[in-house]
Participant: 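The structure's right below; bear with me while I get my questions together.
Bear in mind that the values here come from a model prediction, so they are computed numbers and not experimental data.
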Amino acid sequence: MSKVITSKKAPDAIGPYSHGNTFGDLIFTSGQLPVCKEKGGIVDGGVANQSRQSLENLRSVIEAGGGDMDTVLKTTCYLANIEDFAAFNAVYAEFFKTECPARSCFAVKDLPMGALVEVEAIAYRK
């Protein structure tokens, strides 16, 4: 059975989707934009701050589903500009220090709300 995940810490969905779903012991997240729930918009400060906010939102969804960042198996990371790859990696390494998950990371033409980064993940529940 699948179950919808809703995180009280992550910003509300901007469309007809959930923060994530669980199926068995797996957690599937929607892409997390760098939206600050408290401030109500994309965070300022360029790709580093946006990467950090996206990953914090991702963490909150995974935790709401019963996992944590150590249970992430795979991430898919979208950048508005591939030239931000190194800056994104520096922030990503703060969240995944050892035994990093499998990952795909690529540039896309545009992201919702003019974001510079979006991250989604597959994890497992503890």
Side-chain angles (χ1 to χ4, degrees):
M1 299 288 290
S2 67
K3 181 181 174 190
V4 171
I5 300 169
T6 302
S7 170
K8 293 181 180 182
K9 295 179 183 178
D12 295 336
I14 60 171
Y17 59 88
S18 62
H19 285 148
N21 290 287
T22 61
F23 185 82
D25 287 334
L26 292 176
I27 301 165
F28 300 87
T29 75
S30 293
Q32 297 301 306
L33 293 169
V35 175
C36 177
K37 185 170 185 160
E38 292 80 31
K39 295 179 182 176
I42 300 284
V43 296
D44 294 327
V47 73
N49 283 349
Q50 287 195 21
S51 298
R52 192 167 288 106
Q53 184 67 55
S54 288
L55 289 161
E56 288 292 350
N57 292 344
L58 183 73
R59 180 193 333 251
S60 74
V61 173
I62 291 168
E63 288 175 351
D68 61 34
M69 295 305 265
D70 291 334
T71 69
V72 174
L73 301 169
K74 169 82 167 75
T75 62
T76 304
C77 309
Y78 307 94
L79 302 175
N81 186 339
I82 200 64
E83 292 176 9
D84 290 335
F85 188 74
F88 173 76
N89 275 340
V91 175
Y92 188 90
E94 295 172 15
F95 290 80
F96 301 106
K97 296 180 185 349
T98 61
E99 298 186 29
C100 297
R103 182 179 94 171
S104 299
C105 184
F106 47 90
V108 295
K109 184 178 180 297
D110 291 308
L111 290 167
M113 302 174 67
L116 300 176
V117 63
E118 182 174 358
V119 183
E120 65 185 35
I122 300 169
Y124 62 90
R125 299 191 302 171
K126 293 181 181 183

Participant: Measuring only between side-chain heavy atoms, which start at C-beta, is H19 closer than 4.5 Å to V4?
Facilitator: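 Not in contact.
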Participant: Does S104 reach the main-chain N or O of T76 with its side chain, forming a donor-acceptor pair under 3.5 Å?
Facilitator: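 Looks like no, no N/O pair under 3.5 Å.
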Participant: Side-chain contact test, heavy atoms from C-beta onward, threshold under 4.5 Å: evaluate it for P101 versus M69 and give yes or no.
Facilitator: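 No, side chains not in contact.
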Participant: With a 6.0 Å cut-off (strictly less than), is the heavy-atom count around NZ of K74, excluding the residue itself, greater than 12?
Facilitator: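 Yes, because the 6.0 Å sphere around NZ of K74 holds more than 12 heavy atoms from other groups.
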Participant: Heavy-atom distance under 4.5 Å between the side chains of I42 and P34, does that happen here?
Facilitator: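 When only atoms from C-beta onward are counted, P34 and I42 do touch, with a gap below 4.5 Å.
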Participant: Taking the side chain as everything from C-beta on, heavy atoms only, tell me whether Y92 gets closer than 4.5 Å to R103.
Facilitator: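 Touching, per the 4.5 Å side-chain cut-off.
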Participant: Under 3.5 Å, is there a donor-acceptor pair linking the side chains of N57 and Q53?
Facilitator: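 A pair is found: one side chain offers a donor N or O, the other an acceptor, under 3.5 Å apart.
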Participant: Using a 4.5 Å cut-off on heavy atoms from C-beta on, say whether the side chain of L116 contacts that of N81.
Facilitator: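 They are not in contact (no side-chain heavy atoms under 4.5 Å apart), so the answer is no.
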Participant: Tell me the closest heavy-atom pair linking V35 and P11, and the distance in Å.
Facilitator: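 Taking every non-hydrogen atom into account, O-CG, 3.5 Å.
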Participant: Looking only at heavy atoms, which two atoms of D68 and E63 are closest? And how far apart?
Facilitator: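 For D68 and E63, the tightest heavy-atom pair comes out as CA-CG, 4.4 Å.
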Participant: Kindly indicate whether the side chain of R125, heavy atoms from C-beta on, has any atom under 4.5 Å from the side chain of T71.
Facilitator: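 A side-chain contact under 4.5 Å is absent here.
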Participant: What closest approach, in Å, do S18 and I5 show between heavy atoms, and which atom pair accounts for it?
Facilitator: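 So the minimum-distance heavy-atom pair works out to CB-O, 4.3 Å.
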Participant: Tell me whether E83 at atom CD has more than 12 heavy atoms from other residues, nucleotides or ligands lying less than 6.0 Å away.
Facilitator: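 Result for CD/E83: open.
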Participant: Search all heavy atoms of S60 against all heavy atoms of S7 and return the closest pair with its distance.
Facilitator: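 That closest heavy-atom pairing would be OG-OG, 3.1 Å.
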Participant: With a 4.5 Å heavy-atom cut-off, do T75 and F96 have their side chains touching?
Facilitator: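 Yes, close enough: below the 4.5 Å cut-off.
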Participant: Taking side chain as C-beta onward, heavy atoms only, is R59 less than 4.5 Å from I62?
Facilitator: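 In short, these two side chains do not touch, never coming nearer than 4.5 Å.
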Participant: Is it true that, when you exclude F23 itself, more than 12 heavy atoms of the residues, nucleotides or ligands shown sit nearer than 6.0 Å to its CZ?
Facilitator: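 For F23, atom CZ is not crowded (no more than 12 foreign heavy atoms under 6.0 Å).
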